[in-house]
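Report on the structure given below.
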There are 2 protein chains.
Amino acid sequence: MAYRETEKMRQRKAAARQRIAECTYQCVTEGGFRNARITRIAKLAGVATGTIYRHYESKEDLFAEIFRLATQREVDKVAEALATPGSVTERLENALQQFAERALKGPVMAWALIAEPVDPKVEEERLAYRKAYANLFEQAIREGIDEGCVPDQDAHQSSTCLVGAIAESLVGPLSPTQNGQAKPGDTDNHDPLINTIIRFCIQGLTGTRR
Amino acid sequence: MAYRETEKMRQRKAAARQRIAECTYQCVTEGGFRNARITRIAKLAGVATGTIYRHYESKEDLFAEIFRLATQREVDKVAEALATPGSVTERLENALQQFAERALKGPVMAWALIAEPVDPKVEEERLAYRKAYANLFEQAIREGIDEGCVPDQDAHQSSTCLVGAIAESLVGPLSPTQNGQAKPGDTDNHDPLINTIIRFCIQGLTGTRR
DNA sequence: ACAAAGAATGAACAATGATTCAATAATTCA
DNA sequence: TGAATTATTGAATCATTGTTCATTCTTTGT
């Protein structure tokens with residue numbers, strides 16, 4: 001016996017894996033999943049294409065992991081906004097705003113996560129994460145119902161509506177067709193859009209004019 | 001000169017084109033766009049694969065046409081429901097119900113139209129049709145605002161929220177993963193789901209509890 | 001019936017990119 | 001150092017399907 005994986009090697013491999021993940025993330029950030037080629041990722045990460053397959057079963061697996069990673073960040077932000085002190089409606093408003101603002105700030109990635117056509121395994125992740133969002137909102141709605149500031153309702157269904165309303169509202173502005181060649185000074189003021197979304201959702205939940 | 005296209009030929013060609021369209025529609029109804037192979041469609045339609053290319057530029061073009069066709073049917077139904085006599089809210093409720101019921105009755109096609117990952121050209125059609133839905137709802141909302149039964153608001157944004165809420169609510173029940181092997185007596189009662197959607201949307205619009 | 005023109009055929013082709021794997025390099029430890 | 005083991009490489013391979021096109025069959029008008 002003359003070779004046993006040592007700690008140093010383990011770390012080096014972990015670093016390579018991480019670099020691959022980061023470069024994939026970067027590729028997706030730049031052009032979505034469809035345009036992220038394994039060869040391109042490998043080149044970016046400074047490894048051979050084959051090496052990627054020692055770290056990930058397949059392209060779909062790699063993409064699914066990156067999808068999870070990217071979405072989890074967003075889910076965490078929403079969770080954070082919902083965990084803030086304040087009334088349930090305030091917290092929901094914060095969460096929706098957070099979600100929309102972050103999406104509009106990183107439109108390509110947001111579009112990749114929300115609406116880009118993706119491979120089945122990645123689509124599964126998307127489904128799962130939409131549920132994750134819905135669950136967060138659902139919990140907040142439940143609290144609202146308990147506190148009495150939100151009327152009794154099917155919290156799960158309502159949260160789904162909420163996720164749909166915000167996602168759909170963003171698809172237009174995020175779509176690459178629509179977003180084709182962003183104008184140079186494209187710092188559109190999205191506040192009115194965000195405000196309308198928030199109003200619609202809060203009203204939908206509470207049935208109270210605002 | 002010895003051959004000139006005659007009326008009979010024109011009709012025969014038109015019939016072939018239509019048969020191709022119908023068979024594509026059927027394939028999509030059975031397994032979505034992804035599983036609809038050109039060869040399968042050709043066999044179903046009783047023509048050679050090459051023949052399909054005398055009628056359509058490419059697979060994407062064919063699929064885009066079928067997408068248009070299928071979605072237009074649904075758009076028409078929604079338009080119909082919105083053109084019914086009654087108050088704006090009643091009509092909106094009818095339209096939402098119509099949309100949801102039809103989707104749940106033909107879940108594979110509905111999923112293909114709403115959420116299945118599709119080729120770019122088809123995705124464009126989807127974007128266009130989502131706008132078509134939104135425009136219909138937008139007009140109704142405008143009428144509501146004029147009539148005074150809906151508070152003043154950005155009708156376009158609101159209609160988008162509305163489309164998103166209903167689409168998202170249906171994605172879960174429609175998704176093939178979730179819908180995997182439908183149980184034999186799968187005539188789930190979807191009324192509660194539909195009612196929640198309607199309530200959320202109408203409240204979102206009007207800010208009035210119901 | 002026949003020549004001209006077009007339509008239909010479907011096996012072969014092409015394009016795309018993910019994946020493999022034989023060869024090579026690097027690492028470990030006695 | 002060198003043998004054993006593992007990691008890396010990247011050009012070649014594979015797999016999947018949409019698309020083409022030389023050939024064959026139909027239609028048409030004289």
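Within every chain, numbering begins at 1; the chains are lettered A, B, ... in the order of the sequence lines, protein sequences first and strands thereafter. All heavy atoms count here, side chains included; hydrogens, waters and symmetry mates do not.
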My understanding is that only residues two or more places apart in sequence, or in another chain, count here; which of them pass salt bridge (charged side-chain N to carboxylate O under 4.0 Å, His left out) with [X]?
X	result
Lys13(A)	Glu5(A)
Glu7(A)	Arg10(A)
Arg102(A)	Glu74(A)

Q) Going by atom types only, do Glu168(B) and Thr160(A) share a side-chain donor-acceptor pair under 3.5 Å? A) no
**Q.** Under 3.5 Å side-chain donor-acceptor pair for Gln18(B) and Glu22(B)
**A.** yes
Q.
Please pick, from dT8(D), dG6(C), dG10(D), the nucleotide with the shortest atom-to-atom distance to any side-chain atom of Arg54(A).
A. dT8(D)
Grab the N/O contacts between the protein and nucleotides 11-13 of chain C below 3.5 Å, and write none if there aren't any.
{"from": "dA11(C)", "atom 1": "N6", "to": "Thr49(B)", "atom 2": "OG1", "distance (Å)": "3.4"}

Rounded to whole Å, how long is the line connecting atom [atom1] of [X] with atom [atom2] of [N]?
X	N	atom1	atom2	result
Ile52(B)	dC21(D)	CD1	P	18 Å
Tyr3(A)	dT5(D)	OH	P	12 Å
Lys59(A)	dT16(C)	NZ	C1'	11 Å
Glu57(A)	dT19(C)	CD	C1'	12 Å

(Q) For His55(A) and Ser58(B), find the nucleotide of DNA chain D closest to each by heavy atoms; which residue's nucleotide sits nearer the 5' end? (A) His55(A)
Q.
If the cut-off is 4.0 Å, is Thr51(A) near the phosphate of dT8(D), judged by side-chain N/O to OP1 or OP2?
A. no
(Q) Whether Tyr53(A) contacts dT19(C) is assessed here as follows: a side-chain N or O lying under 4.0 Å from the phosphate OP1 or OP2. Is that the case? (A) yes
Q.
For DNA chain D, which residues of residues 61-69 of chain B approach it to below 4.0 angstrom with any heavy atom?
A. none
Q. For residues 33-53 of chain A, which residue pairs qualify under side chain to side chain donor-acceptor pair (under 3.5 Å), counting only residues two or more places apart or in two chains?
A. Glu30(A)-Arg40(A)
(Q) Test: side chain to side chain donor-acceptor pair (under 3.5 Å). Region: residues 63-72 of chain A. Which pairs qualify, not counting sequence neighbours? (A) Arg17(A)-Glu65(A), Tyr56(A)-Glu65(A), Arg68(A)-Glu125(A), Gln72(A)-Asp76(A), Gln72(A)-Tyr129(A)
With sequence neighbours excluded, tell me which residues meet ring-ring contact (aromatic ring centres under 6.0 Å, His included) with [X].
X	result
Phe99(B)	Tyr133(B)
Tyr25(B)	none
Phe63(B)	Phe33(B)

List, one per line, each side-chain donor-acceptor pair under 3.5 Å for residues 194-201 of chain A, sequence neighbours excluded.
{"from": "Asn195(A)", "atom 1": "ND2", "to": "Asp191(A)", "atom 2": "O", "distance (Å)": "3.3"}
{"from": "Thr196(A)", "atom 1": "OG1", "to": "Pro192(A)", "atom 2": "O", "distance (Å)": "2.9"}

(Q) Give the residues of residues 6-41 of chain A touching DNA chain C, defined as any heavy atom closer than 4.0 Å, sorted by residue number. (A) Thr6(A), Lys8(A), Met9(A), Arg12(A), Arg37(A), Ile38(A)
